[in-house]
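Report on one structure; see the data block that follows.
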Amino acid sequence: MSKMSDDKPKFLIKSGKRLDGRKPDEVRPMEMTVGVIPNADGSAMVVCGKTKVIAAVYGPRELHPRHQVLNHKARVRVKYNMLSFSVEDRKRPGPGRREVEISKVLSEALERVVLTDRFPMCAIDVFVTVIQADASTRVAGLNAASMALADAGVPMRDLVVSLSFGKSYDEKGAGHMVVDLEKEEDNWGMGDVAYAVAPALNEILLLQMDGDLTPEEFAKGRQMADEAAKAIYDMQKQALKAPYQEGSK
Amino acid sequence: MSKMSDDKPKFLIKSGKRLDGRKPDEVRPMEMTVGVIPNADGSAMVVCGKTKVIAAVYGPRELHPRHQVLNHKARVRVKYNMLSFSVEDRKRPGPGRREVEISKVLSEALERVVLTDRFPMCAIDVFVTVIQADASTRVAGLNAASMALADAGVPMRDLVVSLSFGKSYDEKGAGHMVVDLEKEEDNWGMGDVAYAVAPALNEILLLQMDGDLTPEEFAKGRQMADEAAKAIYDMQKQALKAPYQEGSK
Amino acid sequence: MSKMSDDKPKFLIKSGKRLDGRKPDEVRPMEMTVGVIPNADGSAMVVCGKTKVIAAVYGPRELHPRHQVLNHKARVRVKYNMLSFSVEDRKRPGPGRREVEISKVLSEALERVVLTDRFPMCAIDVFVTVIQADASTRVAGLNAASMALADAGVPMRDLVVSLSFGKSYDEKGAGHMVVDLEKEEDNWGMGDVAYAVAPALNEILLLQMDGDLTPEEFAKGRQMADEAAKAIYDMQKQALKAPYQEGSK
Amino acid sequence: MISNLEAKRIRDAVASGTRTDGRGIDDFRPIKVETGVVAKAEGSATVSIGGTSVIAGIKMNLGTPFPDRPSEGVLMTGAELSPMAHNEFEAGPPREDAIELARVIDRSIREAGVMDVSKLCITEGEKVWMANLDIYPLNADGNLFDAGVLAGMAALNTAKMPEYVDEQVVRENLKKQVPVAHQVVSVTFARIGDALVVDPTRDELEVSEARLTVGVCEGKLVALQKGGDGSLKPEMVEDAFKRALKHSQKLLKHLK
Amino acid sequence: MISNLEAKRIRDAVASGTRTDGRGIDDFRPIKVETGVVAKAEGSATVSIGGTSVIAGIKMNLGTPFPDRPSEGVLMTGAELSPMAHNEFEAGPPREDAIELARVIDRSIREAGVMDVSKLCITEGEKVWMANLDIYPLNADGNLFDAGVLAGMAALNTAKMPEYVDEQVVRENLKKQVPVAHQVVSVTFARIGDALVVDPTRDELEVSEARLTVGVCEGKLVALQKGGDGSLKPEMVEDAFKRALKHSQKLLKHLK
Amino acid sequence: MISNLEAKRIRDAVASGTRTDGRGIDDFRPIKVETGVVAKAEGSATVSIGGTSVIAGIKMNLGTPFPDRPSEGVLMTGAELSPMAHNEFEAGPPREDAIELARVIDRSIREAGVMDVSKLCITEGEKVWMANLDIYPLNADGNLFDAGVLAGMAALNTAKMPEYVDEQVVRENLKKQVPVAHQVVSVTFARIGDALVVDPTRDELEVSEARLTVGVCEGKLVALQKGGDGSLKPEMVEDAFKRALKHSQKLLKHLK
């Protein structure tokens, strides 16, 4: 493996400014585009800082193997995958335990918003591919997946809006809640939450945390994340409209 | 791997006494209990010296995959598995070649006593799990499996009684037949037989040997084993009755 | 891995003579025998220099797994496999990437000559086993496979005749086209073509090349190979007739 | 798989503030912890929570440190849903349920800094102790998460270090404790309708909309994992935290 | 799978000297090459040829040289037919199509001596640089071979060497070029009836009798691979070589 | 799979003291042994017993000794039921039949101390010779066990040691014999009704209740393995030993 030249930084936030200059509640610049994989029934690319993720949807389509078929609804199956060169040290091909777990929680988050009972016995396959990883890849992937489903015309209760939040330390070691973690914050921060909501439903669809937070800190972070989610929700809707506004696709 | 601090002992038996004080034809203290896995249709735990094994039976139940179904009878499928920490050096997860072979010979031993023709197209699954290994795990597992099948109410021609026997050397290097090998005897002995009988049928169901025995030595060992088997047979029957005698289960 | 004691030779051909004394257009002594695997529906052994290959055909027979069944024709499935001790450094069991690719191109070469539409939904399985490898194993295997199919009575448009050709350097470094490469020529030569034709149809069925050839060099090599193929074609036909001529089989 | 009738019974019970096994919404089942159950392991424990029973064991092996942490040992957690433990578990390589279980237990224990990995270094950058914690259900009746964390902690608390002599591991006469710095427990809830029941049984999990596991260490949250195809309401999460902190006190007593 | 009607349309078009997308028999689709698309990779590129789009990336790692080449580095090429790129690609371990693709790209690049592997030795017989070139289709519409070779070459041409400091790989501030000695491209044809169409789409490949990929370097043939269940006529092969040499000139321009 | 009619024929023949191929109950089929069949192998042999034919080969490689046997080399035996050898063998990873076959051959040869592993040490605790013995059936008509042991022994008896020069294996001009200390053979029986037939064909094995393989070395039993879903009577086992000792004399002659 590579030597990490980056030793632990003295602070991740100072005077309300994060290492990359963002404010605590500020998300990185995001770029969202649908229709990036023409072969797919729907697709989307999300770029968030240096993280870049593509989601492609195939389905509803026939489900193999047969013994996994559900008679009363479709199965939403996410495969989260990282390109071998998307990370600092080459990722070996094939899904590791981390990818399997992420695939599971993303599938579960999407199940809730897709109207699966309209497509009994079918599969709705969502392939989330990380092109470049710089923290918060699973939440970027979930945003892309949600948009790809919408792009595919799959009927949904709501879009899924996802982002990370966590706790960064300042030069005195005190913690501050921040949203949309980048690599350094993810590596060295004091808590890291992967979070997703269906804004119109006001429901939490993804919730994973590592770290060390008080319930109060969590509540503060979640408030900031809900606020940031509104902006992301708008971006998603904007991106989904784009092909029609340009009169193309 | 670990350094084995135990170098080859000067003798395994001396003046008719084995390293742990047993006589040649003496089995280690055994403990047998049924019903240890409530979810299973039948189960049993066998503790024999420091060896500790659990067997759980599920079935007769539907058999997957379909192409393995037998139209005229049930298939008895044993999966022998060791917990990673049941042995000195951690066992990697997943069945190795040794486990596959043991699963096969245990399945074959049980096939003979189960009335498989009563359950065409079914599977009778027996999961044998080694909790702690100190030699003779497969025979302890077979005893447990036989009792778990009986505990599950699976109709059988007879119980299977299983034990090991082998040849230990004395301080002069001469061989002596002994039954129920413990770890040192298994590691350093001059012959190691895994043996199982159906006592009421007088049939041999399991027979595997490594080592160096004359036919006469084998015959002597088998006689001692048959004698010891009677006691084990009684213990099995006793343990199977226990839940009813206590009026519980 | 082993140390290759053989460093790069000063020349592979000199004054029109190759390292093993052959002329450029000369194939190694070949031995071809059918019926070597009695259990198989058809089989053949091809020995070519130190390369020794067996092919066995089972089929047309029922095809598993079901989802691979073709409704309108049989599937020709080649499995190319090397015995672990057929090569200098022990080959690990199980098909590597090289074997998978060779299996694919051999299957495709045979598909063209077998009248697959006579056996809808069936499999025609061809097992090509390399007993000893000394270059040109895939072409020897394809010759054996073609003969094994004929031996099995599988109806074919033509036999497949296969051989390698390539470019060897002389003591001045100049290239010369040669046919039927042996180990040194394969290792150190300047181009290596695996080639197969259906002589009666005048069609190319296998074509793979590594190296560095001008189109003219290729054309020259192909002409030499086509010429050599005639002799191999005759040998194949002879070998197929042998069992009947001896009045046996 | 449970019947529609049974599913309805469970939902109706929870809706009326109780549960089919008689417990209240916020009641754990009885807990039993036994340590030192496998002499071959460096540390081991069985834990039962009601009908759920798991066994955990530690083996200490030699390993190479991660390049970015050259002076730290490593803890690796594995879980296998052994088919003996439930009719629906299958033999074979671990599936996503087992992987999620292992990873959540791993994170709970690792993120709380339970093991003092700095004390597991033998030669910086070259050789460190690697602790393999493996967890197997013996009988599965729901809430494998909390039982697994508890069993893992109990095994770690009682684990002894092998010695490193002449470049080999010697496992005899173990005396030194494996360095444990903190105690962590997890508390799992299932959402059924608008209620969050604690310590769900397998049947309850099957009818539930979602699962939430909360890892707690010294009054703080150290791990969270939502599972299940449904969602959680924001207020449920806040509620779960309060209740998890309260339950954690009782669970910690089982770790002495 | 395409319909019989569509198959007939394609065959009829080719028989009359044209193609269903309006191209002539010997026309490539538009080509686009973009490099430096993945900052984490030592080199990377996306290439599109019509509707086909692939991404390639290089990671440089430490490895052990082959015993018979103790002073040479190693290039390893992998390809995965990621299921996002086409309805019929499946998740799971690479199948024979992916393996063939990887091996043909590997041979094309390796046999042309593209990388100067003698410059990748760190300690003879012990430590060398190993270049992992991995190629993934993003959208598959035929001719992954030519797109893959082009993307692989574009990635290699722009790849930078990490540094080797204190027995570790340092990937910051990369400056030195990965040593590239030659430029190679491949040109793929499909036989449909008696014609060879260049740069076949996926539908064309499906109705074709055979495929022929020709690797070209400096006016010479460096790799050949026939695919498909049918055959090639000898004169087709000669024809393919001429056309491949001609197309190679144009393709090389995309590598600057 | 054989028909009921054929099964009955076999059983009736055995019941009347003979066999469908004309042999008596205690007759082996003709045996042929040929060594040195694969020049690339350090040792090799093909053995046929009637219609059964197997090939065995040895490769000597470098390996690390087991920690508890630091000065001993290692013998590893593998077997693959290659699908070319029988209609019912399947391609893919070895199944339980192949694993049992390999392990029984391995034990027979290992337990008899056939190889003098103490002579295979290069550097104590670090480097030893590892002998890979691999066995493949070419045509399978029952009794692969005895054919496999015989082929394995014949290959070992004629195997030559590579040299170890400059930390590498040199396989040229091999002269020194691989150290073989003892000769072992196995004798396999099938129980059909109340009879034990020696050297069973595949059809006989299919109708048999059980199989018994007896490994013999210098007049002693060194390995036993019962197979099959049925049982053996105690007196059958005694009978098998006597007959195995007798047959072993004849089999040993094939090892010269």
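Below, chains carry the letters A, B, ... as their sequence lines are ordered, and counting in each starts from 1.
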**Request:** Name the region of C:A55, side chain, backbone, both or neither, that has any atom closer than 4.5 Å to a heavy atom of chain F.
**Result:** neither
**Request:** To the nearest 0.5 Å, tell me how far C:M82 CE sits from F:K40 NZ.
**Result:** 9.5 Å
**Prompt:** Any side-chain heavy atom of F:E80 sitting closer than 4.5 Å to one from C:P93?
**Reply:** yes
**Message:** Tell me whether F:K160 at atom NZ has more than 12 heavy atoms from other residues, nucleotides or ligands lying less than 6.0 Å away.
**Reply:** yes
**Message:** For the interface with chain C, which of F:G51, F:A91, F:A39 has the highest count of heavy-atom pairs at distances below 4.5 Å?
**Reply:** F:A39
**Request:** Return yes when atom CG of C:D117 has more than 12 non-hydrogen atoms of other residues, nucleotides or ligands closer than 6.0 Å, and no otherwise.
**Result:** yes
**Item:** Rounded distance (nearest 0.5 Å) linking atom CD of F:E90 with atom CG of C:D125
**Value:** 10.0 Å
**Prompt:** So which of F:I58, F:L62, F:D134 has the largest heavy-atom pair count under 4.5 angstrom toward chain C?
**Reply:** F:D134
**Value rounded to 0.5 Å, distance of CD in F:E172 from CD in C:E88** = 7.5 Å
**Asked** Around atom CZ of F:R95, are there more than 12 heavy atoms of other residues, nucleotides or ligands at under 6.0 Å?
**Response** yes
**Prompt:** Would one find more than 12 heavy atoms of other residues, nucleotides or ligands at under 6.0 Å from atom NZ of C:K79?
**Reply:** no
**Asked** So which part of C:N81 gets closer than 4.5 Å to some heavy atom of chain F, the side chain, the backbone, both or neither?
**Response** side chain
**Request:** Could you check which of C:V36, C:T129, C:V128, C:I54 has the highest count of heavy-atom pairs closer than 4.5 Å to chain F?
**Result:** C:T129
**Asked** Contact part of F:N61 toward chain C, heavy-atom cut-off under 4.5 Å: side chain, backbone, both or neither?
**Response** side chain
**Pairs flagged by salt bridge (charged side-chain N to carboxylate O under 4.0 Å, His left out) wherever residues 42-53 of chain F is involved - sequence neighbours left out** = F:E42-F:K59, F:E42-F:R171
**Item:** Portion of C:S84 that has a non-hydrogen atom of chain F nearer than 4.5 angstrom
**Value:** both
**Asked** In chain order, what residues pass the ring pair (Phe, Tyr, Trp, His ring centres under 6.0 Å) check against F:Y136, with sequence neighbours excluded?
**Response** C:F85
**Item:** Between CG on residue C:L83 and CD1 on residue F:I55, distance to nearest 0.5 Å
**Value:** 5.5 Å
**Item:** For chain F, the option from C:S43, C:A133, C:P38 that forms the most heavy-atom pairs under 4.5 Å
**Value:** C:P38
**Message:** Whether the side chain of F:N139 engages the backbone of C:N39 through a donor-acceptor N/O pair (distance < 3.5 Å, no angle test) should be reported.
**Reply:** yes
**Rounded distance [0.5 Å steps], CE in F:M84 versus OH in C:Y58** = 9.0 Å
**Prompt:** Got C:K52 and F:V38 here, is their nearest side-chain heavy-atom distance under 4.5 Å?
**Reply:** no
